[in-house]
Student: 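Handing you a structure now.
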Amino acid sequence: MMTDIIQKVKNLSIGFRSKKGDEILILKNISTNIKKGETVGIVGESGSGKSTLALAMMGYVKHGLYTIGGECQFNSSNLLKMKSKDLEKIRGRKIAMIPQNAGQALTPNLKIGYQIDEALQLHSDLDEREREKKISELLNKVRLPSPETIALRYPHELSGGQQQRVAVAMALAGTPDLLLLDEPTTGLDVTTQAHVLELLNFIAKDTGTSMVYVSHDLGAIAQVSDRIIVMYSGEIVLEGPSRDILKKPIHPYTYGLLKSIPKLSLAGLPESMPGSQPQPGTIQGGCSFFDRCNFSDDNCKNNSPKLEFLKDLNTSVRCFNYEKLVNENEVSQTVNKIKNKSLDKEILNLSEVSISYAKQKLLDQIFNRISDENPTVKDINIDIKKGETIALVGESGSGKSTILKSIAGLLRTKDGLIRFDEKRNLSSDLKERDPNDLRIIQLIFQNPDESLNPNHTVEEIIAQPLKLYFGLKGEELKKNIIDLLQKVRLGEFYMSRYPRQLSGGEKQRVAVARAFAAKPDIILCDEVTSALDVSVQAAVLNLLQQLKEDFGTTYIFVSHDLAVVRAISDRVAVLYQGRLCEVGPSNDVYKFPSHPYTEVLLGAVLEPDPDIKPKLVAEDIVEERPPEKGCSFQGRCSRIVGDICKKEIPPWQLTDSGNAIRCHIPIKELQKQQF
Amino acid sequence: MKVDNIYKEEKKSAFVKLSEIIITMASRPSGLIGLSILVFHIILAFISPYIAPHDFKAIDPTLMLQAPSAEYWFGTDDLGRDVFTRTILGGRTALTITFFGSLIALLWGGLLGIFCGLVGGKIDDVVMRIVDAFLSIPWILAMLLIVSLLGTSTEVLIPALGFFYGKGIVRVARAATHDVIAKDFIVSARARGHSNFSIIWNEIIPNVRDAILVEGAMRWSWMLLGFSSLSFLGFGVSPPTPDWGLMISNARGLMSFAYWAVIAPIVGLSSLIIGINLTADAFAKALGIDRSTKAPV
């Protein structure tokens, strides 16, 4: 039995010393084993210590941290006490790592083939000709098209998915026994992500390599892992077979986490988990999950639970009250249904909008016009009703954020009109909008770290729109700020805080408060939840929904996450290469018949359920520019009907439920094909 | 919600912040040394007229080139003037002129750099090419031209030095602005409709201030060297005002037999420059901007 274990982590504690000299633990007494040939998923939110654990498994402790106790045994030697010379022999050859962002991990000025060759020179004893063969072999294995040409390219010439594949190929060059993957698909598009995960699955089976897959995304973990370790503030709280953990989580944190993930099959908002993960060093005693737990009692407050192994479930759990959950059935998701009011008044209308990023020629600059035959975004016609939430969906490069920018007046349109409230035309140039036009449309950004000025307090941040639009001062200003903070469920004491002292969810709430401070009619939400942890995401979505009901605001919601879109939106517009593919009520867009591209997107969604596998319909190639003629999706479509797709722009077709699809295939035919 | 003291940090007044920064600076040996030298020089500049043992311009042929003694601690120069008196007084003009010069450099260089970084496009192109053109002119030549046309009064020297040492700051301020300009909080302010002035004042300056201040502190020491070079060449302050550059220039021919007359001002000048440099480095480290990897232009 012992020989089966490839890596043994024993009582590992890693931490750092605070300025005051206190020892603060990042990892607390972690013990686990990685067996030969198995894939272990380590799940946790940011700050849970999952990456620190993965790095420790290859004998690396980040600068500033140090090992307090315990060991990481690989082939019965402790990696954490090894000399760097000996570690060199293990890293790459025995344990390899695939980083999160392959684009940054590859050297930009060296060809792909050369970089893999370097790895081979270091980690194998092959001669030059054998290595050359091996490079093609590796690139083939990670399913890159025409390995010979790929080997001669530079990293920047490849797409994100291809770069990630090269990183996998490099990791495989040393034929490692253990592969560590740190969020390998997080930065990728949904379809690419599904393809990369499928590849990793194949490699795990094919080579028998053990994998440790670190991710915050339960959907991705569900697809690859045999066993799951759930981490929370530096501790393992739940460890067991993947299926059991996802279907019947017996730790309250995992239970709540699974409940808070929006799913494709359920319309409406998932239940949110209160609070956020405590910062390291702030837990005084008792269970670290105590203040967010629905199952806690006095015992949890004073005593911290031990990791308990349950033989009949083959699961370890750190909870006093897990029995309450054992008897609970599968995660029953309660969903806060969206109340649909009658929507008829038009608030924003985009007609024939085209946007170009092309550089203006001198003549065009003189005449102040944009001439681009094939603009990035073209023919956008959408009318948005007052009080609805419309979502723009698509992968990166689909033009969804570009459209948002033009609505906000940050990017000039080439053609087309943006009409507000049925009568007023809004210029796409900020300078030509009057202050009231600016006030009615507010933005919430993806990453609150970037959208809040780090040198302003929360008070100063929220005061800005209040001062600018309403000229508030003194006591009145303060009263309004407190009011807004209460609306986003933050206390008055947050006023004097700086953004860096807030958690991700709190920061995003401040950004929401700032947007609502202007009393806008329309709020543009640009991927507002994608930088947030899962447990916080649901809370922010719920907050947005609540505020919308209170204020009657219209949301234009941009996202790549179809499940999130499903949860919050009334209507969905699917974009590919800056062209609309499908527009319709969200219930119908998520049902077939769909535009072939929507079908691809829906198929690639990862659900935290090992039984729902993504369907990979189209290739995950990346197109740089929209095609000049015909359907925008012709390059990747698997249902292409012939020359007509390449020559003519497809017509809009209406389904029975009022869902518009832009495809040459008749609706009836499409329905047949997709069922 | 638990909030532990490690993460709790309330808004502090500028005074508290500044004293914290100074304490952090002094906690490093190099910072402590730099700060002490700088503070010593500043105090000396204030009190030297009252503690000077002799008259700095009293010429006495009978006392020519005396070696250091109990009466004349650093000896006397070729005109019989007390070197100690002249050395402790010699930093005053340099320190004052360069301090105000640096302020001017900071102000115009910083603001122009931020403005160029913010507006970008054509204006930025044109302004930066002009700055490049000025950077390519040997400054000492240009300074000599200005000084010989307009004279060597303080009113000429301060703005002239301020102008020449501000050019480099333009580049630093522009680069620092570029780092923040792409951030969403600027986009957000723009979309709300804030004016350029408001964006510069509220959004950009708080984020680039530190980088520019550090750069300004470094420029101060270079300007000090530059000013002393001018004096050395005879274009700075005019005799008999005690000034290190002038003193070094006067006494350099006598170095072989009256080394004291030249060593004292050299020690004064270089210690001040080292003091400012160390302080600026410690300042950068205390603010979290590490310059160690950046080579001085």
Side-chain angles (χ1 to χ4, degrees), chain A residues 18-20 22 24 274-276 278-284 290-291 405 408-410 430-431 433-439 441-457 459-461 464-465 468-469 491 493 495-502 511 514-515 518 524 526, chain B residues 1-14 16-17 20 23-24 27-28 114 118-122 125 176-177 179-213 286-290:
Chain A
S18 73
K19 270 186 190 167
K20 285 183 188 152
D22 306 329
I24 290 167
S276 57
Q279 299 269 24
T282 54
I283 300 154
Q284 258 90 35
F290 170 70
D291 33 354
K405 272 188 199 154
L410 293 165
L430 269 182
K431 285 173 204 135
R433 289 191 183 184
D434 63 41
N436 193 44
D437 288 345
L438 293 166
R439 182 189 61 79
I441 298 176
Q442 292 292 313
L443 271 158
I444 304 174
F445 294 86
Q446 173 174 8
N447 190 348
D449 285 326
E450 289 222 333
S451 68
L452 305 179
N453 191 331
N455 282 304
H456 287 175
T457 57
E459 182 179 3
E460 286 162 339
I461 288 166
Q464 279 184 333
L468 181 73
Y469 297 126
F493 58 95
M495 294 216 328
S496 59
R497 301 267 176 89
Y498 286 96
R500 61 174 174 277
Q501 298 162 259
L502 308 178
R514 177 175 65 182
L524 312 174
D526 191 357
Chain B
M1 171 150 256
K2 288 182 208 167
V3 182
D4 194 83
N5 45 12
I6 318 171
Y7 299 98
K8 203 167 167 186
E9 181 192 347
E10 299 292 325
K11 190 176 165 72
K12 292 168 190 152
S13 70
V16 176
K17 267 192 208 159
E20 271 183 9
I23 289 167
T24 323
S27 67
R28 235 179 277 265
I114 290 170
L118 177 67
V119 297
K122 290 260 157 56
D125 264 355
T177 307
D179 283 347
V180 287
I181 204 82
K183 295 266 170 77
D184 283 338
F185 60 84
I186 306 274
V187 181
S188 166
R190 260 198 192 144
R192 275 199 302 274
H194 284 285
S195 62
N196 269 353
F197 174 77
S198 155
I199 291 177
I200 289 179
W201 187 252
N202 290 319
E203 311 288 344
I204 300 178
I205 288 187
N207 288 298
V208 300
R209 186 188 50 207
D210 295 351
I212 297 179
L213 276 179
L287 292 172
I289 318 165
D290 205 351

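Chain A is the first sequence line, chain B the second, and so forth, proteins listed ahead of strands; every chain is numbered from 1. Values below: every heavy atom of this structure, side chains too, minus hydrogens, waters and symmetry copies.
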Student: Can you list every pair that meets salt bridge (charged side-chain N to carboxylate O under 4.0 Å, His left out) and has a residue in residues 442-451 of chain A, with sequence neighbours left out?
Tutor: A:D449-A:K507
Student: Please classify the contact of B:V180 with chain A as side chain, backbone, both or neither, using a heavy-atom distance under 4.5 Å.
Tutor: neither
Student: Measure from the side-chain N and O atoms of A:N455 to the backbone N and O of B:P206, and report whether any donor-acceptor pair falls under 3.5 Å.
Tutor: yes
Student: Do you know which two heavy atoms are closest between B:K17 and A:Y498, and how far apart they sit?
Tutor: NZ-OH, 4.0 Å
Student: Under the side chain to side chain donor-acceptor pair (under 3.5 Å) rule, collect the residues that match up with A:D437, sequence neighbours excluded.
Tutor: A:R424
Student: What residue in A:P435, A:A515, A:A408, A:P454 has the most heavy-atom pairs under 4.5 Å with chain B?
Tutor: A:P454
Student: If I measure from the heavy atoms of chain B, does A:L452 come under 4.5 Å with its side chain, its backbone, both, or neither?
Tutor: backbone
Student: Taking all heavy atoms of B:R190 and all of A:L430, pick out the closest pair and write down the distance.
Tutor: O-CD1, 3.2 Å
Student: Going by heavy atoms in the side chains, are A:Q464 and B:S188 under 4.5 Å from each other?
Tutor: no
Student: Do B:N207 and A:N453 meet the criterion of a side-chain donor-acceptor pair at a distance under 3.5 Å?
Tutor: yes
Student: Of all the heavy-atom pairs spanning A:L438 and B:A191, show the shortest one and how long it is.
Tutor: CD2-O, 3.5 Å
Student: So, do A:E460 and B:N202 sit near enough that their side-chain heavy atoms are less than 4.5 Å apart?
Tutor: no
Student: Is A:R433 close to chain B through its backbone or its side chain, or both, or neither, when contacts mean heavy atoms under 4.5 Å?
Tutor: neither
